[in-house]
Amino acid sequence: EDQVTQSPEALRLQEGESSSLNCSYTVSGLRGLFWYRQDPGKGPEFLFTLYSAGEEKEKERLKATLTKKESFLHITAPKPEDSATYLCAVQAARAAGNKLTFGGGTRVLVKP
Amino acid sequence: EAGVAQSPRYKIIEKRQSVAFWCNPISGHATLYWYQQILGQGPKLLIQFQNNGVVDDSQLPKDRFSAERLKGVDSTLKIQPAKLEDSAVYLCASSTGTPTPLYNEQFFGPGTRLTVL
């Protein structure tokens, strides 16, 4: 069974204090690893897809990396507007359709 | 481009009552998903449609949950009868469904927050 574990569960940062979120996964053949951002009362918003170990993607202050067992989301010099829950999900090569298996998320609070 | 629409946004019911949620995906998106998100957890896929056919409903509690997408556009998810543990946010998502690229992005609606008392 595919499993995704995210850590820490919650993270409090001062504005400008860089940090990393971890996503550990076990899947029988990875088709893709996805990062989403979710604001309170809203649905998840797509950030990145990573396909193979060694791949990196960046968007503003966010950078996602992928190894064979985990992915990291690095937040560089965060601002209060980066406060959200960040969700990691995997898609298995054998998955029916485009099924995503999500982790529990990391709640990030950036204080000014 | 209009996003995924869901209604109602909030619903409060008593246990053993029935409830229905509606979703209208992004125009032209062939694939539609229903997810359940319990507070503090990540979304869990309940059912996936490709046009009006079911691709995956392996995690749908079929004794009480049902879903349909009759004309391949909008969809309805029903719970009958509801239990306390069904309290959650029900998210609808859609994607283009084209075979390439394989890993097409899923666009989520705002969700319906269900409280079962």
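Per chain, numbering begins at 1; letters A, B, ... match sequence-line order.
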| NZ (A/K57) with more than 12 external heavy atoms under 6.0 Å | yes
| request: Give, as side chain, backbone, both or neither, the part of B/Q59 having an atom under 4.5 angstrom from any heavy atom of chain A. | output: side chain
| said: Quick check on A/Q6 against chain B: is it the side chain, the backbone, both or neither that has a heavy atom closer than 4.5 Å? | reply: neither
| Are B/L114 and B/L117 connected in the hydrophobic side-chain network, where two residues link if heavy atoms are under 4.5 Å apart? | no
| query | Should we count NZ of B/K62 as having more than 12 external heavy atoms under 6.0 Å? | reply | yes
| Heavy atoms of other groups near B/E85 CD, more than 12 under 6.0 Å | yes
| field | disulfide (SG to SG under 2.5 Å) partners of residues 30-72 of chain A, not counting sequence neighbours, each pair once | value | none
| Just by modelled atom types, is the A/G41 backbone N or O under 3.5 Å from a matching donor or acceptor in the B/R113 side chain? | no
| Taking C-beta and beyond as the side chain, do A/L100 and B/Y35 meet within less than 4.5 Å on heavy atoms? | yes
| task | Indicate, with yes or no, if A/V4 and A/L47 share a hydrophobic cluster defined by side-chain heavy-atom contacts under 4.5 Å among Ile, Leu, Val, Met, Phe, Trp and Tyr. | result | yes
| query | What distance do A/F46 atom CZ and B/Q106 atom CD have between them, rounded to the nearest 0.5 Å? | reply | 10.5 Å
| field | Intermediate values then yes/no, side chain to side chain contact (heavy atoms under 4.5 Å, CB included), A/T49 and B/E105 | value | CA-CA 8 Å; A/T49 308; B/E105 175 185 345; over 6 Å; no
| Over 12 non-hydrogen atoms of neighbours within 6.0 angstrom of CD in B/Q17 | yes
| request: For residues A/Y36 and B/F108, establish whether the separation of their ring centroids is below 6.0 Å. | output: yes
| request: Return the option, out of B/P43, B/G42, B/P110, with the maximum number of heavy-atom pairs under 4.5 Å with chain A. | output: B/P43
| Taking the side chain as C-beta and beyond, is there a heavy-atom pair between B/L91 and A/P44 under 4.5 Å? | yes
